[in-house]
Amino acid sequence: MLKRKWTRGRILAWGVVAAAVIVAALLVLIGLGILVLPGHGQNVTVAGAVRWIAQGTTASGRGWFGASLYSYNATNGFPLTVPVGGSFSLVVLISNFDNQSHTIYFASANSPFTVLSTSPALPNPVPPSVDDASFVVVIGVGNAAGTWDLNLTLNALSPEGSG
């Protein structure tokens, strides 16, 4: 068996081949989205949010939890940027203006968002006369990069959502 001597030129050639293979593998991983370069990841911009509560009314005609519609904006930290596949928390302040308990049964969000969890967990009974209790909704942003508005719905009418 003839043994070849490792010359400076041969070592350099193998180094170039190894570097080319590594660079090609990294480019494939970046192209597939498996490897993301720092500062170049895809993001979801949540331009704003609207919270809507499906609810009944008190004897005086006021919503159990006040206004059904609430818009979040720059005062509430919007717009915000979240990495694709990430999540963020939205704090909803809940007040019960009725003299009896009412339950929030479920929460939902428009696509590409999903409700991942709530704290406290649903169903969440809200005692009478509670004022500004924090209700935290964790929202998943999905895998679609871009700018979106979040529409969050809280249902307090029935467990089936039919009213």
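We use all heavy atoms of the structure for the numbers below, so side chains are in, but hydrogens, waters and symmetry mates are not.
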Task: Residues clustering with Leu93 (ILVMFWY side chains joined when closer than 4.5 Å, directly or via others) - done: Val91, Val136
TODO: Report the distance from atom OG1 of Thr103 to atom CG of Asn155, rounding to the nearest 0.5 Å.
DONE: 11.0 Å
Open item on the list: Walk me through whether Val46 and Trp148 qualify under side-chain contact (heavy atoms from CB on, under 4.5 Å).
Closed with: CA-CA 5 Å; Val46 186; Trp148 308 89; over 6 Å; no
Task: Flag side-chain contact, heavy atom, 4.5 Å: Asn96 against Ile94 - done: no
- [ ] Run the numbers on Tyr72 and Leu80 for side-chain contact (heavy atoms from CB on, under 4.5 Å), then give the verdict.
- [x] CA-CA 11 Å; Tyr72 294 81; Leu80 61 94; over 6 Å; no
Open item on the list: Between Asn124 (side chain only) and Ala121 (backbone N and O only), is there a donor and an acceptor less than 3.5 Å apart?
Closed with: no
TODO: State, yes or no, whether a side-chain contact exists between Val138 and Thr118 at a heavy-atom distance under 4.5 Å.
DONE: no
Open item on the list: Give me the atom names and distance for the closest heavy-atom approach of Ser101 to Pro128.
Closed with: N-CD, 3.8 Å
Task: Leu116 side chain reached by Ile139 side chain, heavy atoms, under 4.5 Å - done: no
TODO: Evaluate the criterion side chain to side chain donor-acceptor pair (under 3.5 Å) for residue pair Asn43 and Thr81; output intermediate values, then yes/no.
DONE: CA-CA 6 Å; Asn43 292 314; Thr81 302; 5.9 Å; no
Open item on the list: Looking at every non-hydrogen atom in both residues, tell me the closest pair between Pro127 and Pro125 and how far apart they are.
Closed with: CD-O, 3.6 Å
Task: Atom pair CG/CZ of Leu150 and Phe113 - distance to nearest 0.5 Å - done: 5.5 Å
TODO: Check whether any side-chain N or O of Asn110 sits under 3.5 Å from a backbone N or O of Asp149 as a donor-acceptor pair, and report yes or no.
DONE: yes
Task: Side-chain heavy-atom pair Phe78, Thr45 within 4.5 angstrom cut-off - done: no
Open item on the list: Using every non-hydrogen atom in the two residues, find where Ser71 and Asn76 come nearest and quote the distance to one decimal.
Closed with: O-OD1, 4.0 Å
TODO: Evaluate side-chain contact (heavy atoms from CB on, under 4.5 Å) for Leu154 paired with Phe135, printing each intermediate quantity in order.
DONE: CA-CA 11 Å; Leu154 304 177; Phe135 179 70; 3.9 Å; yes
TODO: Might you work through the side-chain contact (heavy atoms from CB on, under 4.5 Å) test for Leu152 and Leu90, ending with a clear yes or no?
DONE: CA-CA 10 Å; Leu152 175 68; Leu90 184 67; 3.8 Å; yes
Open item on the list: I need the minimum non-hydrogen distance between Asp132 and Ser95, along with the two atoms involved.
Closed with: N-OG, 2.8 Å
Open item on the list: Do Phe97 and Leu157 land in one hydrophobic cluster if side-chain heavy atoms of ILVMFWY residues count as linked below 4.5 Å?
Closed with: no
Which atom pairs, one a donor and one an acceptor, fall under 3.5 Å between side chains of residues 48-58 and the rest of the protein, sequence neighbours left out?
| unit_1 | atom_1 | unit_2 | atom_2 | d |
| --- | --- | --- | --- | --- |
| Arg51 | NH1 | Ala67 | O | 3.4 |
| Arg51 | NH1 | Ser68 | O | 2.9 |
| Gln55 | OE1 | Trp64 | N | 3.0 |
| Gln55 | OE1 | Phe65 | N | 2.6 |
| Gln55 | NE2 | Gly66 | O | 2.9 |
| Gln55 | NE2 | Ser68 | OG | 3.0 |
| Thr58 | OG1 | Ser60 | N | 3.4 |
| Thr58 | OG1 | Ser60 | OG | 3.0 |
| Thr58 | OG1 | Arg62 | N | 3.2 |
| Thr58 | OG1 | Arg62 | O | 3.3 |

